[in-house]
Amino acid sequence: MPYRPSEIEPLWQDHWEKHDSYVARIVPGQPKFYALDMFPYPSGKGLHVGHPAGYTASDVVCRFKRARGFNVLHPIGYDSFGLPAEQRAIDEGIAPQVSTAEAIETFRRQLKRLGYSYDWSREISTCDPAYYKWTQWIFTRLYAKRIAYVGEGFVNWCPELGTVLANDEVIDGKSERGNHPVERKRMSQWMLRISAYADRLLSGLDTIDWPEATKTAQREWIGRSEGAFVDFAVEGSSEKVTVFTTRPDTLFGATYLVLAPEHSMVDGFTTEAQREAVAAYQKRTAGRSERDRQASKEKTGVDTGARAINPATGKTIPVWIADYVIAGYGTGAIMAVPGHDERDWEFAKAMGLPIVEVISGGDVAKAAYAGDGVMVNSGPFDGTATAGGEAIRKVTAWLAEKGCARATVNFKIRDWTFARQRYWGEPIPVLKDGEQVVRALTLDELPLELPPVADYAPTGTGESPLARAVNWLDVDDPVTGRHLRREVDTMPGSAGSSWYFLRYCDPHNDQEFCSREASDYWMPVDLYVGGAEHRVGHLLYSRMWQKALFDEGFVRDEEPFAKLRHQGMVLARTFYIAGESGKFNHLTIPESVVKDDDRTALIRAAGHDEPVAAEVRWEKMSKRKGNVVNPDDIIDLYGVDSLRVYLCFLTPLESDKPWQTSQLEAQHDWLKRVWRLFFEGDDDSPRAQDVAPTPDELKLLHRAVDKVTRDIEALSLNTAISALHVATRDLARMGTRSREVLAPLAQLVAPFAPHLAETLWTRGAGKPVTPGGVAYEPWPVAEAKWLVDDTVTIGVQVNGKTAGTIELALDADEETAVAAAKALDSVGRQLAGKSVAKVIYKAGKILNLIAK
RNA sequence: GCGAGGAUGGCGGAACUGGCAGACGCGCCGGACUUAGGAUCCGGUGUCUUACGACGUGCGGGUUCAAGUCCCGCUCCUCGCACCA
């Protein structure tokens, strides 16, 4: 009888479920291991093979860690608030509550089929009121600490749709739906003061084991830069313009100021003569999306007519507005030093503004010089070298003494806009009187549940659809005795995902979001696996929430994720055929593939009688491209274990995975070979017997144990499987029957192909069935004596070039080695007519004969 | 432009602190067993060469007895950020 995954897989899944095999409980004193997967957004389309790529890797580690004696927490849940469900509600009138519940149903069924060792009793969903009660409560803590505040933020406003759009709903300045113009609009809304955590978010990165690229992305996002605020007096005004600069040492060369068009002082300064031009430019800027503005590097701007005083030179300089200065960064105003800043130089050239050299070393007539040099045209500082930062310190100190500058650290990171004008999100638990926030709800008033609404479509005013829930909106507040109104904005999708890893530790607690006992035991996450696309969003927000909770003593650790790894995307072939231009740029879903040569193919396609030539590209799976593989289909054909092994074997965890069914079949074939090592005959009688293993068998086994153990620890799953290939191949050739060898082999297979392994372990190796299963059997230990050979094959080189190999005793001396080498024909030929001048011999590694 | 990562057979990928480059798998070629094979098993497979051998880890230099691995200078690719003062 052959290996039949469709029979054994459901059997063991039932067993695990019935016996709560993977339910995690706090066991004081036992080392814990918390393995976390980024929880999925349950879309209506169900899971695709991209999800299991990462989930399988963490599951392998979990099963391994259990066998190594760790108390493993491996939870799963759903990030279930979000736009797609809301869009479906608008399009089809299905309540998001309903469509989300259906989608979760599908996801749960699919995830269970994949055989992950999740503790399903800890399943959570961010749109569940029992969950978002605590999301809301954390918000009220942030509000109490003034980390949550109402501020002015910019949104993508689409007048045509009457709604606010997310960044990815805006394409080339137009709405993705309907292609209507989108403008940037200032709106008063909830923000989180993530900038207050900037320094700690930065320094915390040094304490965690994350991919360097991800740390770099966060560092850049936070964007720390040292510099100074410098005040410029404005003629005829008592107000001063403050600029941020990283180069106070170039102040003598500041020949004009530039304010962002949105800068709040612009209107006050602008002279009558320039008012019209300035207003026109401001309007033009507002009409351009941020992306638009950044797309063009062309310098534009308008003189406000105002004149400021350079505090270093005392000279009068013009004040301009230009869109290359960003309102949200620094003070929204700069001192322009065209001699030593490329952007200022280009602007000065375009507008005919003066350029002054204040640091020698370049030719400011030709280009801005940003390098180091010696200060010139800088009054008392002439001759000061700029290298090393001394010049900056001196000038800043001098200005500080005059009261017009202070050293400062500026961050690029902007506060987090924490509101969406949408329905399908956590209601923000506050009561307002008009624009005025009166109070946040208290714990006993939570959760503030999302009320049903009749219509999910945008209101057209920019308010969320909650504005229609009139019975819910108006409140006679028993606490203040006032007639108040609820907030109609909801929280963004990233709210619920910013703390879910804590809730998993204590998911049913209705007194606290998570007890200290639970988080102290389970946290921090020991391994977090998820997509690199969350580099700066989710991974930064979660760190901030953790720090906020830490500051209030609600959690012990400042960093939530001790170790992070990203999994690669699953790619599939897409076919492009030639259009009229002759370029292969027409995405085509083939009816069948006739011929396939990796980069090119012949395909049959709709509208073509004959097969047509197509270019093959590997792209992320998507429904539109017709290259999606559904895990259910794969499982039907080959079983889950084959899929799991394939995903692990294909590429290293973090690399993209080009989906090739032939490779998957190969892993299925390997599992069949494993099966035949344990069972034989038509009745599948177990082959294992109580016979003493041979030294060769033990050597093979222990080497496999050693390699697989080290590889799983290093998350090098592809090489672990290749070691298992070798072990099963060689043991099969030896006809191994020894239970002493086969039983541990089943354990090595278990993390990767857990269902098969349970059968191998019990029926195959004759071990008793236990509630926990093979995952809890102590992991085999590689004995050192089997890992070393008595003899070793080393390479022989003549003048550094390979000339054969010799087999030697491990501790053979140089004389023996040279003699053995000289006995080789190939070495003899190389040495003919020469004498050995020098011998390099590294026992067990190499013998190199230097001949002359 | 800035930052990060990468480049090894026809393909996915191995290679510990420098020490026999190409493990394992796909594909391809050949064979065995079969009524059959898209089952199973065995063998071969970097390039050139009849052989001996030579050449081979993106390119050009260097260090070393020895370099995929270390150093210097490039090219190309992927991802992120992008007028950040």
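Treat the numbers as computed from the prediction; the structure is a model and nothing was measured.
- Going from the P atom of B/G10 to that of B/U57 covers 13 Å, rounded to whole Å.
- Taking a pair to require two hydrogen-bonding distances under 3.5 Å in either a Watson-Crick or a G-U wobble arrangement, B/C16 remains unpaired.
- Between the CG atom of A/Leu259 and the P atom of B/A85 there is a distance of 18 Å, given to the nearest Å.
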Taking N or O atoms only and anything under 3.5 Å, show me the protein contacts with nucleotides 42-45 of chain B, one pair per line.
| residue | atom | partner | partner atom | Å |
| --- | --- | --- | --- | --- |
| B/C42 | OP1 | A/Arg733 | NE | 3.2 |
| B/G43 | OP2 | A/Arg733 | NH2 | 3.2 |

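- When heavy atoms are screened at a 4.0 angstrom cut-off, A/Asp341 is found touching no nucleic acid atom at all.
- For A/Tyr841 and B/C65, the OH to P distance is 20 Å, given to the nearest whole Å.
- Atoms NE2 (A/His725) and C1' (B/A14) sit 13 Å apart, rounded to a whole Å.
- For A/Asn848, whose side chain is taken as the heavy atoms from C-beta onward, the closest listed nucleotide among B/C26, B/A66, B/C24 is B/A66.
- Residue whose closest nucleotide on RNA chain B sits further toward the 5' end, between A/Lys801 and A/Ala217: A/Lys801.
- Across all strands shown, A/Arg219 has no heavy atoms under 4.0 Å from either base or sugar-phosphate atoms.
- Note on A/Ile850: only backbone sugar-phosphate atoms sit closer than 4.0 angstrom, heavy atoms only; bases stay farther off.
- Here the C1' atom of nucleotide B/C26 and the CG atom of A/Leu650 are 10 Å apart, to the nearest Å.
- Judged purely by atom type and a 3.5 angstrom limit, A/Gln282 uses its side chain to pair as donor or acceptor with the backbone of A/Pro261.
- Atoms CG and CG, on A/Leu399 and A/Leu251 in that order, are 5.5 Å from each other to the nearest 0.5 Å.
- Between A/Trp416 and A/Tyr541, the ring-plane angle classifies as parallel under the 30° and 60° cut-offs.
- If you check every strand for non-hydrogen atoms under 4.0 Å, A/Pro211 touches nothing.
- No contact: A/Thr214 has no heavy atom under 4.0 Å from any strand.
- Among the protein residues, A/Asp669 comes within range of the sugar-phosphate backbone only, with heavy atoms under 4.0 Å from sugar or phosphate atoms but none that close to a base.
- Side-chain proximity of A/Thr802 to the nucleotides B/G19, B/G25, B/C20 is greatest for B/C20.
- Ranking B/G19, B/G27, B/A14 by closeness to the A/Thr719 side chain, first place goes to B/A14.
- Distance from the side chain of A/Glu220 is smallest to B/G3 among B/G3, B/G12, B/G53.
- The side chain of A/Lys845 has B/U17 as its nearest neighbour among B/U17, B/A4, B/C83.
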Point to revise | Evaluation steps, side-chain contact (heavy atoms from CB on, under 4.5 Å), between A/Asn718 and A/Leu650 | key: CA-CA 6 Å; A/Asn718 54 334; A/Leu650 188 57; over 6 Å; no
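- In this structure, of B/U40, B/C81, B/A66, it is B/U40 that holds the atom nearest to the side chain of A/Arg676.
- Rounded to whole Å, the C1' atom of B/C55 lies 16 Å from the corresponding atom of B/G22.
- Atom C1' of B/C72 sits at a distance of 11 Å from the matching atom of B/U63, rounded to the whole Å.
- In the set B/A14, B/C79, B/A85, B/C79 carries the atom at the smallest distance from any side-chain atom of A/Arg535.
- Listed by first then second residue, pairs satisfying salt bridge (Lys or Arg N to Asp or Glu O under 4.0 Å) with a partner in residues 711-729 of chain A read A/Lys65-A/Glu713, A/Arg68-A/Glu713, A/Lys707-A/Asp711, not counting sequence neighbours.
- Of all nucleotides listed (B/C65, B/G13, B/C20), B/G13 comes nearest to the side chain of A/Ser655.
- Of the listed nucleotides (B/C83, B/C65, B/G25), B/G25 has the atom at the smallest distance from the side chain of A/Arg673.
- Rounded to whole Å, atom P of B/A67 lies 12 Å from atom CG of A/Asn799.
- Nucleotides B/G58 and B/C76, compared at atom C1', are 8 Å apart to the nearest Å.
- Residue pairs meeting the salt bridge (Lys or Arg N to Asp or Glu O under 4.0 Å) criterion with at least one member in residues 215-224 of chain A, sequence neighbours excluded, are A/Asp199-A/Arg224, A/Asp206-A/Arg219, A/Glu212-A/Arg219, A/Arg224-A/Glu226.
- Between A/Trp675 and A/Phe679, the two ring planes are tilted [angle within 30° to 60°].
- Along RNA chain B, the nucleotide nearest A/Ser716 and the nucleotide nearest A/Thr805 are compared for position; the residue whose nucleotide lies closer to the 5' end is A/Ser716.
- Taking atom P on both nucleotides, B/C29 is separated from B/U35 by 24 Å, rounded to a whole Å.
- For residues 654-678 of chain A, every residue pair satisfying the salt bridge (Lys or Arg N to Asp or Glu O under 4.0 Å) rule, not counting sequence neighbours, is listed here: A/Asp669-A/Lys672.
- As judged by a 4.0 angstrom heavy-atom cut-off over every strand, A/Glu212 is placed among residues making no nucleic acid contact.
- The base-pairing partner of B/C41, taking Watson-Crick or G-U wobble contacts with both distances under 3.5 Å, is B/G31.
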Point to revise | A/Phe347/A/Trp320 under ring pair (Phe, Tyr, Trp, His ring centres under 6.0 Å): CA gap, chis, key distance, verdict | key: CA-CA 11 Å; A/Phe347 189 79; A/Trp320 284 62; 5.6 Å; yes
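- Distance CG (A/Leu637) to C1' (B/A39): 16 Å, rounded to an integer number of Å.
- Glycosidic torsion of B/G44 falls outside 90° of 0, placing the base in anti.
- Under the 4.0 Å criterion applied to side-chain N and carboxylate O atoms, A/Asp323 and A/Lys299 are not assigned as salt-bridge partners.
- Taking atom CD of residue A/Glu619 and atom P of nucleotide B/U78, one finds them 12 Å apart after rounding to whole Å.
- Closest to the side chain of A/Ala213, from the set B/G19, B/G25, B/A4, is B/A4.
- With both ends at atom C1', the span from B/C65 to B/C59 equals 26 Å, rounded to whole Å.
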What's touching nucleotides 32-38 of chain B from the protein side, N or O pairs under 3.5 Å?
none

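- For the salt bridge (charged side-chain N to carboxylate O under 4.0 Å, His left out) test, no residue two or more places apart in sequence or in another chain qualifies with A/Asp813.
- In A/Trp221, the CH2 atom is not crowded: 12 or fewer heavy atoms of neighbouring residues, nucleotides or ligands sit closer than 6.0 Å.
- Note: NZ (A/Lys672) to C1' (B/C41) measures 13 Å, nearest angstrom.
- Taking atom P in both B/C24 and B/G46, the straight-line distance is 13 Å, to the nearest Å.
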